[in-house]
A.B. asks: 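To start, I am sharing the structure in question, which I have written as structure tokens.
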Amino acid sequence: AQQAAAEKAAADKKTKKSIEAAQDGSNLLPKQRERHLFHVELDKSAFSPSTGKKLSQAFVQMFGVKEFSEKELVRLGYTVKVLWNPTKYVK
């Protein structure tokens, strides 16, 4: 029983390393049921005119593979950082 648990832990560790390597250094590991979606950090910069302090906050949005368009998000004024790319996901 201990050997089986140790083998499972080793396999999980190997899988996790594979997933992390496939994501180009992103440290986000989504839940199993969300790994088919793009996870993107978006920020639409806004600054205070009087102090110059940044007012906007970045947020994470999930997109399906067919609906994600980085070019379109940039055109709308967002700063885009892809945290999880399902097309690079190693199953």
Side-chain angles (χ1 to χ4, degrees):
Q2 280 185 330
Q3 185 179 7
E7 288 174 6
K8 186 178 186 305
D12 288 348
K13 190 174 182 180
K14 183 178 179 183
T15 300
K16 188 172 181 180
K17 283 184 180 180
S18 297
I19 290 170
E20 288 175 353
Q23 295 304 318
D24 298 328
S26 174
N27 60 355
L28 176 75
L29 184 60
K31 296 175 185 172
Q32 183 68 38
R33 66 179 185 264
E34 296 176 346
R35 290 186 185 164
H36 67 286
L37 300 170
F38 274 93
H39 289 66
V40 181
E41 184 178 272
L42 299 174
D43 186 18
K44 196 166 193 175
S45 296
F47 296 91
S48 169
S50 58
T51 64
K53 183 179 176 184
K54 186 175 178 183
L55 300 173
S56 62
Q57 291 184 342
F59 60 95
V60 176
Q61 179 74 42
M62 292 182 276
F63 294 95
V65 174
K66 291 183 180 180
E67 67 183 359
F68 177 68
S69 172
E70 186 171 353
K71 184 191 284 187
E72 184 66 22
L73 291 168
V74 170
R75 188 184 72 75
L76 292 171
Y78 287 100
T79 302
V80 179
K81 179 180 177 186
V82 177
L83 302 174
W84 178 262
N85 184 342
T87 61
K88 295 182 179 180
Y89 173 49
V90 179
K91 292 184 181 181

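Because the structure is predicted, anything quoted here is derived from the model rather than measured.
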A.B. asks: State, to 0.1 Å, how close S45 and S56 come at their nearest heavy-atom pair, and which atoms those are.
C.D. replies: CA-OG, 3.4 Å
A.B. asks: What about V60 and L37, same hydrophobic cluster or not, with Ile/Leu/Val/Met/Phe/Trp/Tyr joined at side-chain heavy-atom distances under 4.5 Å?
C.D. replies: no
A.B. asks: Among residues two or more places apart or on two chains, list those pairs meeting ring-ring contact (aromatic ring centres under 6.0 Å, His included) that have a residue in residues 41-65.
C.D. replies: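 Matches after skipping sequence neighbours: F63-F68.
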A.B. asks: Using 0.5 Å steps for rounding, measure from the CZ atom of F38 to the CD atom of Q61.
C.D. replies: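 Here the rounded value is 13.5 Å.
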A.B. asks: So, for E34 and H39, which heavy atoms are closest and what is the spacing to 0.1 Å?
C.D. replies: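 Here E34 and H39 meet closest at O-CE1, 3.1 Å.
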A.B. asks: Can you list every salt bridge (charged side-chain N to carboxylate O under 4.0 Å, His left out) pair that touches residues 40-59, not counting sequence neighbours?
C.D. replies: D43-K54
A.B. asks: Under the side chain to side chain contact (heavy atoms under 4.5 Å, CB included) criterion, do L42 and V80 qualify, and how do the steps go?
C.D. replies: CA-CA 5 Å; L42 299 174; V80 179; 3.9 Å; yes
A.B. asks: I'd like to know if L29 and M62 are part of one continuous hydrophobic network [Ile/Leu/Val/Met/Phe/Trp/Tyr, side-chain heavy atoms within less than 4.5 Å].
C.D. replies: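 Per the 4.5 Å side-chain linkage, M62 and L29 are not co-clustered.
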A.B. asks: Could you check whether atom CD of E67 has more than 12 heavy atoms from other residues, nucleotides or ligands sitting under 6.0 Å from it?
C.D. replies: yes
A.B. asks: Using the test side chain to side chain donor-acceptor pair (under 3.5 Å), find all partners of T51 that sit at least two apart in sequence or belong to another chain.
C.D. replies: S48
A.B. asks: Can I get a per-line list of side-chain donor-acceptor pairs under 3.5 Å for residues 71-79, giving both atom names and the distance, sequence neighbours left out?
C.D. replies:
residue : atom : partner : partner atom : Å
E72     : OE1  : R75     : NE           : 3.4
E72     : OE2  : R75     : NE           : 3.3
E72     : OE2  : R75     : NH2          : 2.6

A.B. asks: Okay, side chain of R35, backbone of P30: is any donor-acceptor separation there less than 3.5 Å?
C.D. replies: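 Flag set: sc R35 to bb P30 pair under 3.5 Å.
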